[in-house]
There are 2 protein chains.
Amino acid sequence: MERGGSGVPGGRRKQRVSMADVAKLAGVSSQTVSRVSNGHPGVISSTREQVLAAMRELGYRPNSAARALRYGQFNTIGVILFSLSSTGNSRTVEAIATHAAAEGYAITLIPIDVPTQDNVLGAFTRMGELAVDAVIVIMEIHLLDTGTVQLPPGVHVVVVDSDAGDRYSVVDTDQADGARQAVRHLLDLGHRTVWHVTGPQASFAGQRRAHAWRAVLREAGRPVPPALYGDWSAESGYAAGLVLADPPDCTAVFAANDQMALGLLRAFHERGLSVPYDVSVVGFDDIPDAAFFVPPLTTVHQDFAEVGHRCVQKVLEQIRAGGGGQPGTDLVPTRLVVRGSTAAPRC
Amino acid sequence: MERGGSGVPGGRRKQRVSMADVAKLAGVSSQTVSRVSNGHPGVISSTREQVLAAMRELGYRPNSAARALRYGQFNTIGVILFSLSSTGNSRTVEAIATHAAAEGYAITLIPIDVPTQDNVLGAFTRMGELAVDAVIVIMEIHLLDTGTVQLPPGVHVVVVDSDAGDRYSVVDTDQADGARQAVRHLLDLGHRTVWHVTGPQASFAGQRRAHAWRAVLREAGRPVPPALYGDWSAESGYAAGLVLADPPDCTAVFAANDQMALGLLRAFHERGLSVPYDVSVVGFDDIPDAAFFVPPLTTVHQDFAEVGHRCVQKVLEQIRAGGGGQPGTDLVPTRLVVRGSTAAPRC
DNA sequence: TGACAGCATGTTTACGTAAACATGACGGCG
DNA sequence: CGCCGTCATGTTTACGTAAACATGCTGTCA
């Protein structure tokens, strides 16, 4: 009960139990232990029992390094990302981890604290040294496009949030369609035009949403107001809201995510504008809290779990096929969830 | 450009480049390659250059499985958790990943989708087979206390969100003190008593917050209203809010997290109760959005980054010391952030 | 009855790396 | 002038596993 787990008295370094130890105790060869350990047939049950007993007694656990060396693969997928703080990323990672686990793969996280060229390069270098069979990149891939940065050869890659579909396998939410639904919803309600608070310039998702917003307005022949630049944070949404509230000719805003929409709600409330009667607001993401904003937020639902799931599927396909998967973009559909933050404009 | 990366025409299995290949090309022994690869001294610069050139040409990457086998460690920390969806967990994990990376360690995530005994057991079994030097458990440790589940021997453990300080190294936010600050703040404002919306029963953090809430009220000789049970979600906070709004003798509520506080705000708003003039609300966590709720939420700030940091520190201490770290609880302080959701009661 | 199939188990080897030890060349100093 | 220390580099070995091959025993059928 007090022992450190090592039976060796005063044992200075815990020597892990190997097959050879089990074999000795069970009085068999280590190959037989291997067969038992891997559930291979051709071991008589009495022998098997003996081996299992020895394993239990010694607390044997297979050494995965040796296994990986032998098999040439690690059963591990690396996930490179910039931040776990955003709802989207953490939910996607969670789905990746869950589905990977179901397939017998573990997930290794490689965070990049500041997305400088150097850091990204460093992460990829580290990645190369890491024990991973494949990599999922949840990040703006164009950060990697300077030519100096190369993904390690022989490592399978799937990318999220990127337009690199011509070179990599890409999985992403259908950003453009989601944004179109949001803007059309507002136009359908009778708004003359729709303002937009963008995500950060560097985000491809943000770019796509902004692009679709602009496209819908143009198609409908509506004036395109200048975009307000945000950075995903509620604070930036709040700042944008203060700007929009000032000359109150804005009746509808599409925020590129729910948190900025929250900032908008707060700014409008502070300035005495009623949502949705004075201004309609639509968000993007459908974070769980969105239904409990005041008023409940109309927003575009993203299926992060599905994105994660498809990433794992694609990456496993690549691993199993052996070759690099063919490039291409796999879009996960979105769906507009209409709640209380949108309404027809006051006449 | 089209090749799979393997120079072998029709090569069916990508054979990774090993030291031996580099050595052959550079015309040296593989040991010299090893020395160059690890930056050891005692290699003349001309030789070094030759080796480096060969590495570049072949795209050599060290095989971490072989390395791990050789060294007996993986430079990897496993993180077992129940969900990444909560702000707290994902921020903690992010901090863990960042600090671990700075120390040359990678993070392997082991998610547990449903916290049944079986799943937890499975995760720990898998853990034993995984390539990790230590484990950080972000979860209710009492799920493991039935005796059937054993952490693999020889693996170092640090636990978050638990009272298992007598058996494991525990790092946690000072839940009790945070809750005390919240409740005292409300009492100091003149509220006769404070209601409480709890976290899930299974959460130790939730239990602690509830316990401290009760203790402060008792110490102050105030009546202790029945707790309302929540599950961290905004929805459960909303449900609690509807209950509290009905017989409006409640002037102050302490919610065990910010999302439930959001639900409360919405319920009160819907019932025409003004926050903070009719009811004061305090949350817990200080999620980034809390400052942009309507009204801005008074809440207890948790330093998740610090929790993650200390986890990594402790775990590395254990790895380096070789022995299991001594049990004990390391508490990270909290701080009350007063915003607009609290005020003195209407006389 | 002998030859051989089938089966349980043992032995050899290779995976890629790096520590430990071995070699050999060169130079300085007694 | 020869001995030895130093330094660059090569050779051997071990890490734990599992495939491939080897062994030896049992039972069956011609």
Side-chain angles (χ1 to χ4, degrees), chain A residues 13-52 54-55 58-76 128-133 152 154-155, chain B residues 13-52 54-55 58-76 104 128-133 152 154:
Chain A
R13 278 185 71 248
K14 174 79 168 60
Q15 212 63 359
R16 264 191 52 174
V17 182
S18 77
M19 281 193 168
D21 303 319
V22 176
K24 199 159 66 179
L25 179 62
V28 299
S29 77
S30 65
Q31 182 57 217
T32 300
V33 176
S34 167
R35 281 189 264 255
V36 171
S37 174
N38 293 31
H40 283 298
V43 180
I44 210 169
S45 61
S46 64
T47 310
R48 178 181 305 276
E49 280 315 314
Q50 247 175 313
V51 171
L52 288 174
M55 281 180 171
L58 297 176
Y60 169 76
R61 303 185 287 137
N63 180 317
S64 44
R67 266 201 162 125
L69 177 59
R70 191 80 243 284
Y71 286 131
Q73 54 165 334
F74 305 96
N75 275 28
T76 297
E129 292 161 7
L130 278 170
V132 296
D133 303 312
V155 170
Chain B
R13 279 186 69 247
K14 174 79 167 62
Q15 213 62 358
R16 264 191 51 176
V17 182
S18 76
M19 282 193 166
D21 303 319
V22 175
K24 199 159 66 179
L25 179 62
V28 298
S29 77
S30 64
Q31 183 57 218
T32 300
V33 177
S34 168
R35 282 190 264 254
V36 171
S37 174
N38 293 31
H40 283 299
V43 181
I44 209 167
S45 61
S46 65
T47 310
R48 179 182 304 275
E49 280 314 312
Q50 249 174 312
V51 170
L52 288 173
M55 282 180 170
L58 297 177
Y60 169 75
R61 304 186 287 138
N63 180 316
S64 43
R67 264 201 164 126
L69 178 59
R70 191 79 244 284
Y71 286 131
Q73 58 165 334
F74 305 95
N75 275 28
T76 297
E129 291 162 8
L130 278 171
V132 297
D133 302 312

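Naming convention: chains lettered A, B, ... in sequence-line order (proteins, then strands); numbering from 1 in each chain.
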So how far is it from [X] [atom1] to [Y] [atom2], rounded to the nearest 0.5 Å?
X: A:Thr32; Y: A:Met19; atom1: OG1; atom2: CE; value: 10.0 Å
X: A:Ser64; Y: B:Leu69; atom1: OG; atom2: CG; value: 10.0 Å
X: B:Arg61; Y: B:Ser18; atom1: CZ; atom2: OG; value: 13.0 Å
X: B:His40; Y: B:Arg48; atom1: NE2; atom2: CZ; value: 10.5 Å
X: A:Gln50; Y: A:Leu25; atom1: CD; atom2: CG; value: 9.0 Å

message = Using the side-chain heavy atoms of B:Tyr71, tell me which of these nucleotides is nearest: C:dA19, D:dA19, C:dG16.
response =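 Closest nucleotide to the B:Tyr71 side chain: C:dA19.
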Atom-to-atom span, [atom1] of [X] to [atom2] of [N] - whole angstrom:
X: A:His40; N: D:dT17; atom1: NE2; atom2: P; value: 13 Å
X: B:Phe74; N: C:dT17; atom1: CZ; atom2: C1'; value: 14 Å
X: A:Asn63; N: D:dC15; atom1: CG; atom2: P; value: 12 Å
X: B:Arg67; N: D:dA14; atom1: CZ; atom2: C1'; value: 17 Å
X: B:Met55; N: C:dG16; atom1: CE; atom2: P; value: 15 Å
X: A:Leu69; N: D:dC15; atom1: CG; atom2: P; value: 14 Å
X: B:Lys24; N: C:dG16; atom1: NZ; atom2: P; value: 12 Å

query = Within the structure, does a side-chain N or O atom of A:Arg70 lie under 4.0 Å from either OP1 or OP2 of D:dG16?
reply =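 The answer is no; no side-chain N or O of A:Arg70 sits under 4.0 Å from OP1 or OP2.
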message = Below the 4.0 Å mark, does C:dA18 have OP1 or OP2 next to a side-chain nitrogen or oxygen of B:Asn38?
response = yes
query = Using a cut-off of 4.0 Å on non-hydrogen atoms, how would the nucleic acid contact of A:Ser34 be classed: base, sugar-phosphate, or nothing?
reply = base
ask   = Quantified as the angle between the terminal helix axes (five pairs each), what is the overall bend of the helix from C:dT1-D:dA30 to C:dG30-D:dC1 to 10 degrees?
value =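 Between the axes fitted at each end of the helix from C:dT1-D:dA30 to C:dG30-D:dC1 lies an angle of 70°.
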Side-chain heavy-atom pair [X], [Y] within 4.5 angstrom cut-off:
X: A:Arg67; Y: A:Asn38; value: yes
X: B:Gln31; Y: B:Ser34; value: yes
X: A:Arg35; Y: A:Val51; value: no

inquiry  = Between A:Asn63 and A:Arg70, do the side chains contain a donor N or O and an acceptor N or O under 3.5 Å apart?
reply    =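 The criterion, which ignores hydrogens and geometry beyond distance, is not satisfied for A:Asn63 and A:Arg70.
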key: Under 4.0 Å protein heavy-atom contacts per nucleotide of nucleotides 4-11 of chain D, with B for base, S for backbone only and - for none   = ----SBBB
